[in-house]
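Here the structure is a predicted model, which means the values were calculated and not measured.
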Amino acid sequence: MLDKTFNPAEIEAKHYTQWEQSGAFSADPGSDSLPYTIMMPPPNVTGNLHMGHALTFTLQDLLIRFKRMKGFDALWQPGTDHAGIATQMVVERQLAEKGISRHDLGREKFLDAVWDWKAESGGNIVKQLRHLGASADWPRERFTMDEGLSEAVRSVFVRLYKDGLIYKDKRLVNWDPKLLTAISDLEVQQKELNGKLWHFRYPIDGEEGRYIVVATTRPETMLGDTGVAVHPEDERYQDLIGKNVKLPIVGRLIPIVGDEYADPETGSGAVKITPAHDFNDFEVGRRAGLEMINVFDKFAHINENGPAEYQGMERFDARKRIVAEFEALGLLEKIEDHVHMVPHGDRSGVPIEPWLTDQWYVDAETLAKPALEAVETGKTEFVPKQWENTYYDWMRNIQPWCVSRQLWWGHQIPAWYGPDGEIFVEESEEAAQKAAAAHYGRDGVELNRDPDVLDTWFSSALWPFSTLGWRGPGDEIPELDRYYPGDVLVTGFDIIFFWVARMMMMSLYFMKEIPFKTVYIHALVRDENGQKMSKSKGNVIDPLEIIEEYSCDALRFTLAAMAAQGRDIKLATSRVEGYRNFGTKLWNAARYCEMNGAEFDRAFDPLSCNLKVNKWIVGKVAKATQEIETALEGYRFNDAANAVYRFVWNDFCDWYLEFSKPILGSEDAGAIEETRKTIAWVLMQILHLLHPFMPYITEELWENFGGKDAGLLISSGWPTFTDAHIDAQADADMDWVIRLISDVRAVRAEMNTPPSVKAPLYLSDGNDEIRRRMSENTDLISRLARLSSLEELSGEMPKGAIQVVVEETTFVMPLGDLIDVGQEKARLNKEMEKTLVEIEKINKKLANESFVSKAPEHVVKEQHDRKADFEGTKAKLEEALARLADL
RNA sequence: GGGCGUAUAGCUCAGCGGGAGAGCACUUCGUUGACAUCGAAGGGGUCACUGGUUCAAUCCCAGUUACGCCCACCA
């Protein structure tokens with residue numbers, strides 16, 4: 001017997017363990033079934049489950065459960081990402097609490113500490129995914145720094161280097177002066193800040209008293225100025241081009257050059273050039289052959305190239321002092337308020353500094369070409385399609401990808417340097433030694449390994465194939481053959497560039513094939529202010545708390561129902577509560593089934609039903625199944641969720657179970673038997689349809705209804721229906737009945753006498769005779785069909801009563817006392833008015849000749865039908881009004 | 001500066017070229033056997049604004065306004 005209520009926490013733990021132990025999550029490479037693959041975007045090991053995770057993994061789990069039930073050999077490949085900077089920061093912070101810096105430990109011991117941390121806390125996110133019900137193939141779990149995956153990283157790096165697609169270059173990078181590493185363009189976030197624009201006078205050399213005015217938002221960089229640019233055709237400055245400026249404070253002579261970068265319309269039309277600290281100036285400097293003077297050290301403090309009194313000074317302190325000095329020298333023309341974008345490191349939050357260093361770069365432009373083509377030709381499709389444009393824009397303007405990071409945690413770059421700086425890029429130190437021996441013509445040359453590690457996304461880019469066992473070019477791996485490429489990648493738009501694009505590039509280069517056929521981009525779950533949730537902002541809503549309060553099933557269903565395309569999700573807990581209630585509703589429906597002796601009979605054939613109401617629900621199940629399938633195949637999760645919700649609550653509970661009551665209360669053994677079996681059968685179908693959304697409650701009910709004899713629900717097949725099932729529904733008849741009942745209800749409501757007994761059973765309202773007669777004949781439908789009219793009795797009828805004619809017998813139904821006749825009249829009059837307006841509207845439409853002649857036939861018919869309906873409503877209202885008038 | 005998205009009930013959001021929807025909230029009524037985490041009935045909307053296409057526009061097109069996001073090296 002089912003308990004009156006159920007305890008989600010209990011059944012969640014129970015069933016998850018059961019599923020996992022039974023091997024239900026595991027792919028089966030040996031099976032004959034078609035494979036279906038989803039690569040799980042690896043969450044950071046440092047991660048804690050947030051709503052974004054909950055959404056993305058719920059959707060993936062939904063798909064994988066659905067496909068698994070459909071009979072595919074479903075592989076959901078899980079794993080975690082080593083998250084270079086994030087993880088290193090976490091461990092460093094922990095060490096800092098004990099007063100230790102990573103430099104105290106040294107590289108090796110620090111890495112040991114990180115691995116220790118990973119062993120202890122790294123499994124957290126994976127545990128939390130299990131709480132979500134994620135049915136991933138856990139024994140296949142991978143970590144981006146596993147030996148196999150690391151080997152793949154090294155071999156990819158070496159191959160790309162040897163193919164000329166990875167190179168070392170000295171150029172300006174985005175330098176994070178807090179984390180002391182280079183970062184890629186994508187890791188830079190522009191923040192709008194209120195700043196100032198300082199206008200400085202630079203004295204012209206050899207022309208006493210003449211100045212050229214330059215404006216800057218970053219006065220401190222003037223220490224590294226090596227030129228002033230004006231537009232070559234700017235008349236104001238024609239005579240100055242070629243002359244020098246004497247740089248104040250520094251005293252250096254720097255040339256005035258003509259360069260089209262200088263915009264005559266902006267400011268004074270002259271711009272100071274600091275090639276070592278600004279990306280534009282870098283270009284100008286290169287064109288004009290200007291010197292590059294780096295005035296910052298790695299902390300963004302003034303280095304030895306600055307004036308003695310500035311050396312070691314922090315950049316913003318230097319700014320203040322420089323401004324003060326200009327003022328003192330009378331060279332400060334003016335200060336303006338100025339709003340501008342300032343680049344910040346997305347991890348550290350401090351302004352980044354363009355800095356001249358040696359870094360490793362990937363030639364992304366070359367790799368992007370096939371990746372672009374794959375989407376252009378439709379080999380990989382984005383859903384929704386609009387994201388393809390985002391992808392194109394970025395890929396077509398792609399910049400070299402800086403992949404080296406000055407960190408310790410990550411894949412150390414497999415490059416070794418000889419004493420003369422010769423670079424040997426090989427997969428191992430032995431190989432590098434060998435290459436060095438060949439190069440130098442002798443053994444035992446001392447080599448030093450590049451200390452840098454690779455961008456975390458470098459290893460993530462290999463995820464679609466490295467997780468399947470690929471370690472290097474030429475590897476032939478059966479599982480790769482079977483499960484690659486993946487069917488769909490489910491992820492958020494925020495990592496299209498970081499990850500999706502790079503997987504496309506790497507996969508096409510090394511696999512010669514796309515990594516996945518579809519990229520489903522879901523919305524972002526935002527906080528209540530519409531802000532992106534992020535750890536650094538601290539505005540993360542904890543899905544585990546929601547699960548605690550409302551159950552995992554409710555959270556999952558809510559996320560699926562809200563995952564419509566094209567809008568961000570601002571989660572409202574009232575929605576979760578509504579879907580929690582949905583679970584309760586199902587639970588109680590199941591209790592009803594149980595109480596009425598509805599037992600699941602595996603041999604039952606739904607096509608054998610004779611009663612119309614049973615045929616009808618069979619057809620409804622078949623239709624709902626189709627609807628859900630179509631929606632899921634098209635990644636319309638909300639449509640699928642709504643379809644199953646409506647079917648369960650509205651069709652099954654509100655109508656079908658209510659219709660079943662008089663039948664089950666009758667004495668027709670055959671009808672009772674058929675109805676019991678149908679009820680149980682429908683319930684079982686519902687459990688299947690709902691399982692991908694609400695795996696726990698469905699598995700629990702499955703267990704209680706004896707479905708378990710055939711194995712776990714998670715491993716059982718998806719319902720299949722034929723046209724015969726749909727044809728069986730006889731829904732025209734039933735829909736008529738439902739409409740009729742609704743009409744009668746509405747009339748009673750107008751009379752302010754809502755039915756005192758639930759829903760369709762109003763016919764038995766206060767009348768045992770009707771109940772008895774209804775029970776005698778199990779064909780409820782034919783009886784209802786003969787309920788042809790509602791007629792008012794005059795004379796002896798009690799006040800406010802209505803007469804119902806069923807077959808030849810007349811029944812009197814009490815309508816109860818009317819409370820306020822005047823108010824009621826006013827309300828009905830209003831209704832009448834509304835109806836008349838509607839009818840008027842439709843009349844007009846029908847009278848419009850061009851409408852009748854040009855509108856499609858079915859439209860015209862619909863309009864006529866609608867008018868007829870309104871006329872009927874009008875008649876009812878008039879009837880009600882007349883009754884009121886009598887009182 | 002470029003690109004994209006969004007504007008629908010009090011709130012959170014679906015939907016759509018022919019009768020304005022859901023959940024929550026609200027009003028009224030109803031609990032002696034599935035379910036008060038419930039049932040029945042109901043109130044509430046110029047579908048942001050303007051113009052266009054169409055027999056027909058909340059929906060398609062153009063423009064406007066407001067908000068949000070992404071990209072971008074403008075001193």
Residues at least two apart in sequence or cross-chain that pass side-chain contact (heavy atoms from CB on, under 4.5 Å) with A:E283, listed by chain then number, are A:R286, A:R287
Separation of the C1' atoms in B:rA9 and B:rU27, to the nearest angstrom: 15 Å
Below 6.0 angstrom between ring centroids: does that apply to A:Y645 and A:F693? no
Under 4.0 Å, counting only non-hydrogen atoms across every strand here, what does A:H338 touch: a base, just sugar-phosphate, or nothing? sugar-phosphate
Side chains of A:N194 and A:D337 only: does a donor on one sit below 3.5 Å from an acceptor on the other? no
Quick one about A:E187 and A:S184 (side-chain donor to acceptor, distance below 3.5 Å, no hydrogens or angles considered), yes or no? yes
Mind calculating the distance between CH2 (A:W649) and P (B:rC35) to the nearest angstrom? 14 Å
Nucleotide B:rC70, atom C1' - distance to CD of A:Q189 in whole Å: 11 Å
Counting C-beta onward and ignoring hydrogens, is there a side-chain heavy-atom pair between A:L55 and A:M562 closer than 4.5 Å? no
Roughly how many Å is it from CE in A:M562 to P in B:rC11, rounded to a whole number? 15 Å
B:rC47 to B:rC29 separation - C1' atoms, rounded to the nearest Å: 32 Å
For A:F497, what residues pass the ring-ring contact (aromatic ring centres under 6.0 Å, His included) criterion, not counting sequence neighbours? A:W394
Using the C1' atoms only, state how far B:rU37 lies from B:rA14, rounded to an integer number of Å. 23 Å
Greater than 12 external heavy atoms within 6.0 Å of A:E599's CD: no
To the nearest angstrom, the CE-C1' distance between A:M341 and B:rC73 comes to 12 Å
For B:rG45 versus B:rU12, give the span between their C1' atoms, rounded off to a whole number of Å. 16 Å
Pick base, sugar-phosphate or nothing for A:P856, based on heavy-atom distances below 4.0 Å to the nucleic acid. base
Say we look at B:rU58 and B:rG1: how far apart would their P atoms be, to the nearest angstrom? 34 Å
Determine the interatomic distance between P on B:rA57 and the same-named atom on B:rA48; round to the nearest Å. 16 Å
Using the criterion of both pairing distances under 3.5 Å for Watson-Crick and G-U wobble pairs, give all stems of 3 or more consecutive pairs involving RNA chain B. B:1-7 with B:65-71, B:10-13 with B:21-24, B:26-30 with B:38-42, B:48-52 with B:60-64
Within the 4.0 Å heavy-atom criterion, would you say A:K4 contacts the bases, only the backbone, or no part of the nucleic acid? sugar-phosphate
Touch check for A:C593, heavy atoms < 4.0 angstrom, all strands: base, sugar-phosphate only, or nothing? nothing
Round to a whole Å and report the spacing from CG of A:D639 to C1' of B:rA22. 12 Å
At less than 4.0 Å, is any side-chain N or O atom of A:R575 found next to OP1 or OP2 of B:rC24? Yes or no. no
Distance in angstrom units between A:N596 CG and B:rA34 C1', rounded: 8 Å
B:rU53 versus B:rC38 - spacing of their C1' atoms, nearest Å: 50 Å
Measuring to OP1 and OP2 of B:rG23, would you say a side-chain N or O of A:N581 lies under 4.0 angstrom away? no
How would you label the contact of A:Q863 with the nucleic acid (heavy atoms, under 4.0 Å): base, sugar-phosphate, or nothing? sugar-phosphate
Compute whether any side-chain donor of one residue and acceptor of the other, for A:N704 and A:E700, lie under 3.5 angstrom apart. yes
When the distance from CG of A:D865 to C1' of B:rG18 is rounded to whole Å, what number comes out? 13 Å
Less than 4.0 angstrom between a side-chain N/O of A:K585 and OP1 or OP2 of B:rG39, yes or no? yes
Between P on B:rG1 and CD on A:E192, what's the gap in Å once rounded to a whole number? 12 Å
Return the nearest nucleotide to the side chain of A:F497; candidates are B:rC73, B:rC71, B:rG23. B:rC71
